[in-house]
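This report refers to the structure that appears directly beneath it.
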There are 2 protein chains.
Amino acid sequence: MKPKELNIIYKGDCSILLADKSLFPDKSINLIVTSPPYADKRKNSYQGVNSDKYVEWFLPISDQLIRILKDNGSFILNIKEHPSNGERETYVLELILEMKKQGWFWIEEYCWYKKNSFPGKWPNRFRDSWERCLHFTKKKDFAMYQDAVKVPIGDWAEKRFKSMSENDFIRHISKNNTHLGRNVSNWLNKKKVYPHNVLVFEEEHRLYLGNVVETAADTSHKNHSAIFPLELPTWFIRLFSKENDAVLDPFLGSGTTAVAALLHKRKYIGIELKTEYFSEAQKNICEVEKIMKKNSNKI
Amino acid sequence: MKPKELNIIYKGDCSILLADKSLFPDKSINLIVTSPPYADKRKNSYQGVNSDKYVEWFLPISDQLIRILKDNGSFILNIKEHPSNGERETYVLELILEMKKQGWFWIEEYCWYKKNSFPGKWPNRFRDSWERCLHFTKKKDFAMYQDAVKVPIGDWAEKRFKSMSENDFIRHISKNNTHLGRNVSNWLNKKKVYPHNVLVFEEEHRLYLGNVVETAADTSHKNHSAIFPLELPTWFIRLFSKENDAVLDPFLGSGTTAVAALLHKRKYIGIELKTEYFSEAQKNICEVEKIMKKNSNKI
DNA sequence: GTTCCGCATGAATCGATAG
DNA sequence: ACTATCGATTCATGCGGAA
């Protein structure tokens with residue numbers, strides 16, 4: 001099954017739109033990546049959801065998401081509970097438990113380590129420098145393209161490979177109780193290795209919209225749109241989808257996920273309730289599409 | 001109130017010993033730091049607790065811990081759920097929720113980012129490089145000595161926490177280890193800032209305990225004790241206790257927490273069930289006590 | 001005194017096979 | 001069907017001794 005339209009953003013409430021089977025048929029989406037609005041105890045907070053009712057509010061949405069996700073698809077939920085009255089809230093923990101009851105498998109919790117976190121000082125805690133990226137699936141056998149997110153091997157390797165001893169060419173079995181064996185020659189001349197489940201993105205690689213092909217070092221972005229923190233959705237889009245797959249963000253915000261999908265030749269679908277965000281997303285996506293078209297014309 | 005004895009380790013089951021009010025009176029402990037055995041689906045696993053019964057097993061222990069903790073004390077629980085049948089287990093999430101019902105405040109979740117995690121490759125996940133350090137308290141107003149864990153200003157990318165600093169023990173080691181001596185002197189001269197809630201430790205300061213003692217013949221660590229990863233308990237001991245405070249580890253293992261406490265002039269109390277671990281802890285603590293006594297005699 | 005090199009090891013996980 | 005065992009796979013870093 002396919003969604004009614006691809007490369008489109010809808011303005012509206014995702015809890016209603018997702019339930020529309022003509023727009024979102026069963027098993028039609030390859031990957032869902034989203035950062036929903038965080039809960040907030042304060043009333044009237046901007047698009048805020050009360051933390052006491054967060055789980056209750058989210059479950060009907062995740063129930064639609066599991067319906068429209070393909071069997072080998074993934075759902076990445078980027079979230080972090082705020083402190084409230086000096087304590088961490090528990091709605092994320094409760095949400096994981098409830099989503100499992102809906103049929104989701106909780107495969108993994110990736111840690112997004114944000115080195116330049118929001119400044120501040122409090123008597124009872126330090127600055128919060130990490131967020132959860134919860135990985136849910138419908139089946140235990142899901143699509144994962146690990147080669148797409150390989151990282152350069154550490155500096156140790158270069159020296160190591162220069163001086164290979166005899167033992168490096170045979171399988172070495174560790175003596176302790178672990179069954180770890182190794183054969184260093186397998187890694188000879190290896191350039192890239194698989195990453196781990198703590199995500200650290202370098203700021204220099206950040207992309208500036210309107211200046212998509214350049215890096216932050218280039219200051220020409222000043223005349224263009226705001227900075228896009230594209231790294232996070234990009235990483236998961238590369239890891240859990242392939243070209244032409246359908247990538248959904250039900251809380252699109254200013255369009256980050258859609259832009260990341262577009263840049264990697266995936267089909268985007270976005271939903272956003274707030275008018276300002278929706279317009280900004282529209283503008284941003286449009287700008288990237290223009291740039292990409294211009295670039296492809298050059299070829 | 002004070003514990004019956006300080007600077008002592010008990011051999012036995014902490015779920016029984018902690019309930020003994022003569023050993024552990026109400027509100028007698030300043031800080032609890034522990035890494036309990038992680039749950040394991042396999043039967044007959046070494047000191048393993050079945051994951052289905054983990055919460056049930058732990059709650060009576062945490063119930064005693066909240067009794068014996070001082071009102072301004074902290075409890076640091078280092079734990080990480082394993083995957084089982086391809087999914088992350090949920091017992092840690094459930095434990096947090098249940099401990100809150102016991103009266104604990106869940107203040108914070110620190111992320112311990114372990115850069116050299118165990119190698120391996122699987123189709124559904126990457127290497128696990130982080131563990132949870134859950135911070136619980138009895139009151140929202142608790143003792144926190146933030147200045148004790150400031151880190152040097154530096155390149156964000158390379159900033160890490162050095163667990164140990166200017167004390168006699170380090171100076172002693174420095175004699176035997178030129179690398180360490182150099183690093184410590186660099187560290188002492190830098191300006192310091194407050195850290196955040198992602199912990200990344202330098203691993204240079206791991207100690208081969210047997211190597212600390214000056215022996216005429218053999219200085220090879222192979223014939224001595226195991227490596228001590230002291231950084232983690234040390235960081236929390238500095239942050240949540242002051243000199244002469246009572247620091248408890250109900251799952252002492254090979255004595256890491258006690259040694260860290262001792263080195264920072266806190267009073268340690270440890271409990272360990274397994275004979276091998278208990279003996280090793282005893283030996284390790286004894287060795288460090290000897291060194292510290294020798295050093296103080298020199299002054 | 002400094003750099004280089006060999007080696008050990010770190011709370012691992014999955015899937016296939018055997019009982 | 002369910003459980004136990006075993007093989008395969010994989011990086012990064014510190015320490016100690018040698019150069």
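Because the structure is predicted, anything quoted here is derived from the model rather than measured. Letters A, B, ... mirror the listed sequences (proteins, then strands); counts begin at 1.
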Check your understanding: Expressed in angstrom and rounded to an integer, what is the separation of B/Lys121 atom NZ from C/dC14 atom P?
Key -> 12 Å
**Study point:** Between C/dG10 (P) and B/Trp130 (CH2): distance, integer Å
**Key:** 23 Å
Check your understanding: Start at the 5' end of DNA chain C and walk down; is the nucleotide closest to B/Ser117 or to B/Glu81 reached first?
Key -> B/Ser117
Exercise for review: Using a 4.0 Å heavy-atom cut-off across all strands, classify B/Gly120 as base, sugar-phosphate, or nothing.
Suggested key: base
**Study point:** Spacing of A/Tyr194 atom OH relative to D/dA12 atom C1', expressed in whole Å
**Key:** 17 Å
**Study point:** salt bridge (Lys or Arg N to Asp or Glu O under 4.0 Å) partners for A/Glu109, two or more places apart
**Key:** A/Arg132, B/Arg132
**Study point:** Whole-Å distance separating the CZ atom of B/Phe126 from the C1' atom of C/dC14
**Key:** 15 Å
Point to revise | Which residues share a side-chain contact (heavy atoms from CB on, under 4.5 Å) with A/Lys138, sequence neighbours left out | key: A/Lys27, A/Ile66, A/Leu69, A/Asp71
Review point. Between the side chains of A/His135 and A/Ser74, does any donor sit under 3.5 Å from an acceptor?
Key: yes
Review point. What's the NZ-C1' distance between B/Lys115 and D/dA12, to the nearest Å?
Key: 10 Å
**Study point:** Distance below 4.0 Å between B/His82 side-chain N/O and C/dT13 OP1 or OP2
**Key:** yes
Review point. Among all residues two or more places apart in sequence or in another chain, which pass the ring-ring contact (aromatic ring centres under 6.0 Å, His included) test with A/Phe236?
Key: A/Tyr110
Review point. On a whole-Å scale, what distance lies between the P atoms belonging to C/dA11 and D/dC6?
Key: 23 Å
Practice item. Please tell me which of the listed nucleotides, C/dA11, C/dT13, D/dA12, lies nearest to the side chain of B/Arg88? Key: C/dT13
Practice item. Tell me whether the OP1 or OP2 atom of C/dA12 has a side-chain N or O from B/Lys80 closer than 4.0 Å. Key: no
Check your understanding: Any side-chain N or O of B/Arg125 less than 4.0 Å from the OP1 or OP2 oxygen of C/dC14?
Key -> yes
Exercise for review: Assign B/Pro36 to base, sugar-phosphate, or nothing according to its heavy-atom contacts below 4.0 angstrom with the strands shown.
Suggested key: base
Review point. Looking at residues at least two apart in the chain, or sitting in another chain, which of them share a ring-ring contact (aromatic ring centres under 6.0 Å, His included) with B/Tyr10?
Key: B/Phe24
Check your understanding: Which heavy atom of B/Tyr54 sits nearest a heavy atom of B/Pro37, and at what distance?
Key -> OH-O, 2.7 Å
Practice item. Counting heavy atoms from C-beta on, name the nucleotide in C/dA11, D/dA12, D/dC11 closest to the side chain of B/Ser35. Key: C/dA11
Revision key, fill the gap. Pairs under 3.5 Å (Watson-Crick or G-U), crossing ones as [ ], inter-strand ones as |: DNA chain D comes out as .||||||||.|||||||||
Check your understanding: In whole angstroms, how far is the C1' atom of C/dA8 from the CH2 atom of A/Trp156?
Key -> 14 Å
Exercise for review: Only counting residues at least two apart or in another chain, list the ones meeting side-chain contact (heavy atoms from CB on, under 4.5 Å) with A/Glu98.
Suggested key: A/Val55, A/Leu59, A/Lys101
Practice item. Mark yes when over 12 heavy atoms from residues, nucleotides or ligands other than B/Asp13 sit less than 6.0 Å from its CG; otherwise mark no. Key: yes
**Study point:** B/Trp122, nearest nucleotide to its side chain (from C/dA11, C/dT13, D/dA12)
**Key:** C/dT13
Check your understanding: Would you say B/Phe118 stacks on C/dA11, if stacking means ring centres under 5.5 Å apart and planes within less than 30 degrees?
Key -> no
Point to revise | Value in whole Å for how far the P atom of D/dT13 lies from CZ of B/Phe201 | key: 16 Å
Review point. To the nearest angstrom, how far is B/Asn124 atom CG from C/dT13 atom P?
Key: 10 Å
